[in-house]
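Have a look at the structure below, then the notes.
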Amino acid sequence: MHDTYNPTAIEAAARALWDATGVDAADETRSAEHYYCLAMFPYPSGKLHMGHVRNYTIADVIARFQRMQGRAVLHPMGWDAFGLPAENAAIQHGVAPAQWTRENIAHMREQLKSLGLSYDWSREFATCDPDYYRWEQWLFTRLVEKGLAYRKNAIVNWDPIDNTVLANEQVIDGRGWRSGALVEQREISQWFLRISEYADELLEGLDHLPEWPEAVRTMQRNWIGKSRGMSIRFPVENCPACDELEVFTTRPDTLFGVTYLAVAAGHPLAQSVAERREDIAQFCAECLRGSTAAADLETQEKRGMPLGLLARHPLTGDILPIWVANFVLMGYGTGAVMSVPAHDQRDWEFAQAYDLPIRAVIAGPDGEAPDVRDAAFTDTGPLIRSDDFDGLDFTAAFSAIRDALEEEGLGEERIQYRLRDWGVSRQRYWGCPIPIIRCGHCGDVPVPEEQLPVHLPEDVIVTGGASPLTTMDDWKAVDCPRCGRAATRETDTFDTFFESSWYYARFASAGCADAMLDDRARQWTPVDQYVGGIEHAILHLLYARFFHRLMRDEGLLDSSEPFTRLLTQGMVLADSWSRDVDGRKEWIAPDRVTLERDDKGRISGGTLTETGELVSHEGMVKMSKSKNNGIDPEAMIARYGADTVRLFIMFAAPPEASLEWSDTGVEGASRFVRRFWRMVQEHVASRPEPHGPARDELRRKVHETIAKATDDIGRRQTFNTAIAAVMEMLNTVTALRETAGYETVQEALEAACLLLAPIIPHTAQALWERLGHDGPVVTAPWPQVDESALTVSTLELVVQVNGKLRGRISVPVEAARDAVLTAAREDENVMRFIDGKTIRKEILVPGKLVNLVVG
RNA sequence: GCCGAAGUGGCGGAACUGGUAGACGCGCCGGAUUCAAAAUCCGGUUCUGGCAACAGAGUGCGAGUUCGAUUCUCGCCUUCGGCACCA
């Protein structure tokens with residue numbers, strides 16, 4: 001055993017012991033309560049970044065804590081291995097995506113191991129393993145048979161840089177989420193999953209996830225976007241191709257205020273007119289092309305053209321013009337709206353621009369027609385100018401107008417969701433092949449179970465452009481499983497969100513060879529604690545909730561939600577620095593900057609270390625390649641050891657908040673670990689003495705700390721305050737070590753070891769042994785609070801006069817109210833403030849304070 | 001625009017149920033140790049006044065409820081995050 005703290009040796013020894021004893025393996029045969037702790041698995045991009053380290057450390061602390069509670073813990077790790085970066089690397093470096101991916105995995109696995117993360121590595125898999133993806137192919141064929149997966153032609157978001165289709169969720173501000181390219185609209189044949197079928201259940205389920213952050217639930221609620229309204233059909237007067245136009249509205253109460261109808265550029269009605277009119281065709285083409293490009297323009301002008309078609313109002317019989325307009329979305333509702341300019345701001349702006357009539361039919365607050373000269377009046381209120389419906393409020397008018405339209409057969413109530421079916425086809429190579437055979441005779445035929453998996457060929461050359469699968473004739477050619485005639489394979493692959501939607505369940509059934517999941521998945525799921533970034537609040541978490549239900553309905557699981565408790569960790573930030581190079585900002589890595597501080601110690605600037613050149617501080621921003629401010633975890637571990645890195649990350653901020661990287665903060669964490677180490681060395685080298693007079697005081701601190709740290713880690717998940725409490729306790733040990741006695745110090749140091757074991761496991765392991773214990777600290781039981789150590793004989797109370805702190809008194813625990821109040825009144829300083837005044841009220845908060853109200 | 005989260009010392013943060021604001025750490029200041037430095041240890045550190053005891057002010061701003069408000073209510077301001085022509 002070394003006297004000086006040597007993290008490399010300590011960490012290697014601790015990990016060797018854990019590996020030899022198999023303490024990290026999940027054992028479902030143990031009779032103990034089960035606990036499934038999971039961190040979002042990484043994409044194997046090459047090496048870990050600090051965001052990964054934070055994510056996995058948080059989850060590891062929770063897993064280790066739960067193990068020490070005696071639970072059987074499942075804490076697995078794997079790889080979200082399919083995806084575009086592998087193809088990009090293949091193009092750049094001429095290496096096959098499979099090889100690139102597997103090399104990255106090998107490196108990152110070692111990095112994870114160097115952090116001391118307590119994974120059950122026997123369950124590891126990568127989603128590009130055929131043993132994994134065969135089962136999602138199987139599930140997909142089941143979904144096709146059930147009608148929950150289907151193929152249709154659809155206008156899709158086309159990313160012209162990545163040459164692929166994007167899900168709506170992958171389009172951010174009109175740009176591809178990875179490439180940043182402006183997205184175009186194209187129509188191709190796509191496979192879809194009918195997530196809309198589950199929209200209501202996914203929405204309702206959010207109410208039963210009390211341990212998810214409210215922010216995430218709100219985002220999902222908004223994403224699903226449930227609206228109650230009506231479908232209304234307007235008969236079209238002068239169109240040979242169609243006899244009515246259907247719209248969706250949430251405001252049927254404003255039906256009498258409709259002055260025109262508007263359709264999207266992609267709407268069949270607009271398209272049919274475009275066939276015979278060049279100006280309309282041109283306008284529509286412009287809208288379709290520009291729709292996404294213009295979406296990021298803050299103030300898009302309302303534009304449109306009259307189609308020359310006329311519709312009849314279903315109740316008044318009035319004739320209304322039909323326009324094509326750029327503000328109507330093809331992807332929502334029916335792609336057509338009834339326009340009520342008096343009561344809808346968009347309709348109002350459009351009417352202003354084209355001088356269309358505005359007719360108010362909802363009374364303002366004064367009961368009169370509202371003023372709509374400057375803006376639409378969008379509140380609800382009693383109806384006016386609406387025939388028999390005048391005077392009805394929103395709810396009554398909704399029902400009455402619905403009934404009237406239903407009677408005419410011109411409308412009905414309808415629930416509309418913003419959520420659309422999930423397009424899962426990708427025209428990419430490095431993904432899971434969609435298990436479909438296209439037969440000229442039988443159509444789309446799912447690959448039969450006995451022919452699964454459809455292997456993805458791995459010896460390919462990726463050149464960019466179209467997927468290599470499209471030109472691999474040997475691979476594509478196949479006999480139709482139904483009729484035996486020559487057919488071809490589907491060459492599209494799944495969206496990679498497909499793989500990450502069910503991996504948590506497969507970890508529980510790792511190695512299962514004859515089914516997607518086995519009974520162990522029922523045992524372990526739902527995941528008790530899921531940890532990951534807030535950036536997955538909508539996409540991944542919504543798809544996983546959807547898949548869990550699909551697997552449930554397939555009889556594989558018996559719960560409805562995949563993740564019981566969700567922790568979304570904050571970003572990792574670091575100082576960013578720049579200098580001006582020919583009028584352009586060049587970002588300087590923080591380790592090349594020497595800080596300058598003012599006399600308060602505040603950072604006032606910095607210079608480039610090698611040249612002394614001034615550089616400007618650009619603030620604390622998320623660590624990123626573009627800002628060149630990433631801190632390499634591997635370098636930090638090499639310099640300080642994994643435990644110091646873990647401690648700093650857990651101590652610097654609560655897990656949900658963003659974390660500001662600080663070199664001096666890391667030094668502080670390192671200082672604490674070494675101090676703890678030295679304290680134990682000095683303690684075991686000292687001579688056992690009998691109890692000293694400070695024994696009770698130290699024991700009280702120790703057991704208060706056990707209570708607080710247990711609650712902070714287990715319930716509150718405020719690891720930073722748990723660490724602070726242990727630091728405080730060790731400060732007390734230092735102060736009382738001479739007077740508290742050897743045995744009490746031993747008890748305190750053992751408690752510190754156990755309480756810190758989830759956070760700095762290697763150091764805790766070494767010190768646990770040094771304190772005279774055998775075996776892994778991982779399996780040592782969590783310390784228990786000795787209630788008798790918490791008792792005190794006197795209490796310190798604060799005395800306030802009129803709410804202001806004026807003194808402190810020390811009273812026996814058993815002192816009666818009157819005795820306490822007397823002591824408060826007799827405090828020297830308090831007397832100065834109550835002297836000569838009348839005490840109007842005396843408030844005693846037991847164990848806390850006395851407040852004397854004087855006047 | 002809508003939704004969500006947050007504003008506390010020089011900095012990261014603490015104060016959990018309305019009850020001592022600033023725990024713990026960083027930084028800074030002073031001291032010890034050292035030939036010296038590193039490392040380590042001890043003390044101080046919200047601001048203002050005072051040698052001190054102590055007093056006054058203080059949790060984004062303005063009101064309110066209360067014996068008492070960082071915490072609750074109302075109205076603003078700012079920052080960050082998400083969604084965004086969703087009919």
Side-chain angles (χ1 to χ4, degrees), chain A residues 4 172-173 213-219 221-223 225 227 229 247-251 254 262 291 294-296 298 300 302 325-329 331-340 344-347 349-350 416-419 534-535 537-538 570-571 595 597-604 620 648 651-654 656-669 671-672 674-675 678 708 711-712 715-716 718 720-728 731 734 796-806 808 828-829 832 840-843 845 847-854:
Chain A
T4 51
I172 296 155
D173 293 335
E214 187 56 46
V216 174
R217 290 192 284 160
T218 305
M219 277 191 252
R221 240 177 239 123
N222 293 341
W223 193 262
S227 300
V247 304
F248 174 74
T249 180
T250 55
R251 293 293 302 272
T254 63
S291 66
D296 56 325
E298 290 265 317
Q300 200 196 347
K302 299 278 179 294
N326 66 344
F327 71 90
V328 183
L329 304 173
Y332 183 77
T334 59
V337 298
M338 61 176 221
S339 286
V340 187
D344 181 284
Q345 187 58 25
R346 289 158 310 193
D347 297 347
E349 284 168 26
F350 193 81
Q416 176 69 41
Y417 295 93
R418 185 185 170 291
L419 181 72
I534 186 85
E535 67 271 21
I538 299 171
M571 297 182 297
L595 298 185
R597 292 176 187 277
D598 61 18
D599 51 355
K600 289 270 190 192
R602 189 177 3 206
I603 294 176
S604 59
M620 273 281 174
F648 170 71
F651 179 61
E656 266 118 347
S658 54
L659 168 77
E660 298 191 2
W661 191 265
S662 154
D663 289 336
T664 52
V666 180
E667 291 283 353
R671 192 150 44 225
F672 172 77
R674 283 181 281 123
R675 194 163 81 91
R678 209 167 46 241
K708 174 155 177 62
D711 189 48
D712 283 355
R715 179 183 63 89
R716 298 179 66 209
T718 52
N720 54 327
T721 55
I723 294 165
V726 179
M727 286 175 169
E728 219 180 308
N731 288 344
T734 303
E796 285 275 320
L797 294 192
V798 162
V799 185
Q800 298 179 336
V801 178
N802 286 345
K804 282 193 188 278
L805 176 62
R806 297 301 181 187
R808 290 165 203 279
E828 205 179 320
N829 200 47
R832 290 172 46 209
R840 293 173 189 275
K841 205 169 177 182
E842 294 173 322
I843 290 145
V845 181
K848 294 255 159 114
L849 59 73
V850 174
N851 190 13
L852 304 175
V853 185
V854 299

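Here is the naming used below: chain letters follow the sequence lines, and residue numbers restart at 1 for every chain. Just so we're clear, the structure is a prediction, and the values are computed from it rather than from any experiment.
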Regarding [X], tell me which of base, sugar-phosphate or nothing describes its non-hydrogen contacts under 4.0 Å with the strands shown.
X	result
T334(A)	nothing
V337(A)	base
S658(A)	sugar-phosphate
P213(A)	nothing
R840(A)	nothing
G225(A)	nothing
N222(A)	sugar-phosphate
E796(A)	nothing
V247(A)	nothing
S227(A)	sugar-phosphate

Among the candidates [options], find the nucleotide nearest to the side-chain atoms of [X].
X	options	answer
K804(A)	A57(B), C86(B), C67(B)	A57(B)
R678(A)	U20(B), C83(B), U40(B)	U40(B)
D711(A)	C26(B), C16(B), A84(B)	C16(B)
R674(A)	A87(B), A39(B), U20(B)	A39(B)
F248(A)	A87(B), C42(B), A14(B)	A87(B)
D712(A)	C16(B), G82(B), A84(B)	C16(B)
L849(A)	C86(B), C16(B), U20(B)	U20(B)
Y332(A)	A87(B), C67(B), G25(B)	A87(B)
T734(A)	C42(B), G19(B), U40(B)	C42(B)
F651(A)	C86(B), A87(B), G25(B)	G25(B)

Less than 4.0 angstrom between a side-chain N/O of [X] and OP1 or OP2 of [N], yes or no?
X	N	answer
N829(A)	A55(B)	yes
R716(A)	A15(B)	yes
R418(A)	A84(B)	yes
R832(A)	C54(B)	no
N720(A)	G25(B)	no
R221(A)	C3(B)	no
N731(A)	G25(B)	yes
R806(A)	C54(B)	no

Problem - T249(A) (side chain) donor-acceptor with R251(A) (main chain) under 3.5 angstrom - result: yes
Handout entry: Interatomic distance at C1', U45(B) relative to C24(B), whole Å
Key =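 Per the computed distance, 15 Å lies between those C1' atoms.
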Practice task
Rounded to whole angstrom, note down the C1' distance from G9(B) over to G75(B).
Solution key: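 After rounding to an integer number of Å, I get 29 Å for this pair.
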Handout entry: Distance, nearest 0.5 Å, that separates CZ of R840(A) from CG of L852(A)
Key =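 Rounded to the nearest 0.5 Å, the CZ-CG separation comes out at 13.5 Å.
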Handout entry: Under 3.5 Å donor-acceptor pair, R715(A) side-chain atoms to C16(B) base atoms
Key = yes
Problem - Residue E828(A) excluded, over 12 heavy atoms near CD under 6.0 Å - result: no
Practice task
Report the residue (D344(A) or T218(A)) whose heavy-atom-nearest nucleotide on RNA chain B is the more 5′ of the two.
Solution key: T218(A)
Practice task
On RNA chain B, check which nucleotide each of I723(A) and R808(A) is closest to and give me the residue with the more 5' one.
Solution key: R808(A)
Exercise for the section: Identify the nucleotide, in any strand shown, that forms a Watson-Crick or G-U wobble pair with U34(B), with both distances under 3.5 Å; if there is none, say none. Expected result: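 Base-paired to nothing in any strand shown.
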Completion exercise
Using Watson-Crick geometry (N1-N3 plus N6-O4 or O6-N4) or G-U wobble (N1-O2, O6-N3), each under 3.5 Å, U73(B) is paired with A63(B)
